[in-house]
Amino acid sequence: QVQLVESGGGLVQPGGSLRLSCAASGRMIRIYTMGWYRQAPGEQREWVATITSDGSTNYADSVKGRFAISRDNAYNTVYLQINGLKPEDTAVYYCRWGAYDTWGQGTQVTVSS
């Protein structure tokens, strides 16, 4: 059984930064594409970023240049570095393991002054 546990969210001021972590268990993530999604209040869940097994990355247009997805296979963890936070980035951020259709429980990011 595979599981994902996100952490690192919090309350930050506009312009601030956070690093979200997604710790995987049950399988090694090394050969899999992993992704981050987010869901703002009253909105549908949206894709944010993806990283493939060879480290190639893709980002939603709304986060390009501010967000960076990375992975550390040795620690079976995926990260999302978020810089230049805006109030519209406020959401619950979820990690996804597509091959197993598995989601984490999410971590709340709130951007407010």
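What you find for Tyr37 and Trp47 is that their closest heavy atoms are CD2-CA, 3.3 Å.
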Dump the intermediate steps for side chain to side chain contact (heavy atoms under 4.5 Å, CB included) on Arg96 and Asp101, then the final yes or no. CA-CA 7 Å; Arg96 183 171 186 253; Asp101 194 24; 3.2 Å; yes
Let's go through Glu6 and Tyr93 carefully: what are the C-alpha distance in whole Å and the side-chain angles of both, what is the deciding distance for side chain to side chain contact (heavy atoms under 4.5 Å, CB included) to 0.1 Å, and is it a yes or a no? CA-CA 8 Å; Glu6 300 95 335; Tyr93 284 72; over 6 Å; no
Side chain to side chain contact (heavy atoms under 4.5 Å, CB included) for Met34 and Leu4? Distances and angles first, verdict last. CA-CA 11 Å; Met34 304 293 292; Leu4 299 170; 3.9 Å; yes
Quick one, Val5 with Gln105, criterion side chain to side chain contact (heavy atoms under 4.5 Å, CB included). Give me CA distance, side-chain angles, the key distance, then yes/no. CA-CA 6 Å; Val5 178; Gln105 84 290 349; 4.1 Å; yes
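Here the straight-line distance linking atom CG of Leu80 with atom OH of Tyr59 works out to 7.5 Å at 0.5 Å rounding. To the nearest 0.5 Å, atom CG of residue Asp54 and atom CD1 of residue Ile31 are 13.0 Å apart.
Residues Ile51 and Leu18 are members of one and the same hydrophobic cluster, defined by side-chain heavy-atom contacts under 4.5 angstrom among Ile, Leu, Val, Met, Phe, Trp and Tyr. Follow the hydrophobic side-chain contacts under 4.5 Å out from Trp103 and you reach Val92 in the same cluster. Note: the hydrophobic cluster containing Tyr94 does not contain Val78 (ILVMFWY, side chain heavy atoms under 4.5 Å, direct or indirect links).
A donor-acceptor pair under 3.5 Å is formed between the side chain of Asn76 and the backbone N or O of Ala24. A side-chain donor-acceptor contact under 3.5 Å links Arg66 to the backbone of Gly84. In this structure, Arg71 contributes its side chain and Ile29 its backbone to a donor-acceptor pair below 3.5 Å. A donor-acceptor pair is defined here as one N or O able to donate and one able to accept, closer than 3.5 Å; no such pair exists between the side chain of Thr77 and the backbone of Ala23.
Between Ser17 and Val12 there is no side-chain heavy-atom pair separated by less than 4.5 Å. Val63 has its side chain within reach of Arg38: a pair of non-hydrogen atoms, C-beta onward, lies under 4.5 Å apart. Here the side chains of Thr90 and Gln108 are in contact, with some heavy-atom distance below 4.5 Å.
Asp89 has no carboxylate O lying under 4.0 Å from a charged side-chain N of Lys86, or vice versa, which leaves the two without a salt bridge.
The cationic group of Arg19 lies under 6.0 Å from the six-membered ring centre of Tyr79 and within 45° of the ring axis, placing it in a cation-pi geometry. For Arg27 and Trp97, the positive end is not near the middle of the six-membered ring at less than 6.0 Å and at most 45° from its axis.
Residues Trp36 and Phe67 place their aromatic rings such that the two centres sit no closer than 6.0 Å.
Glu88 CD: more than 12 foreign heavy atoms inside a 6.0 Å radius.
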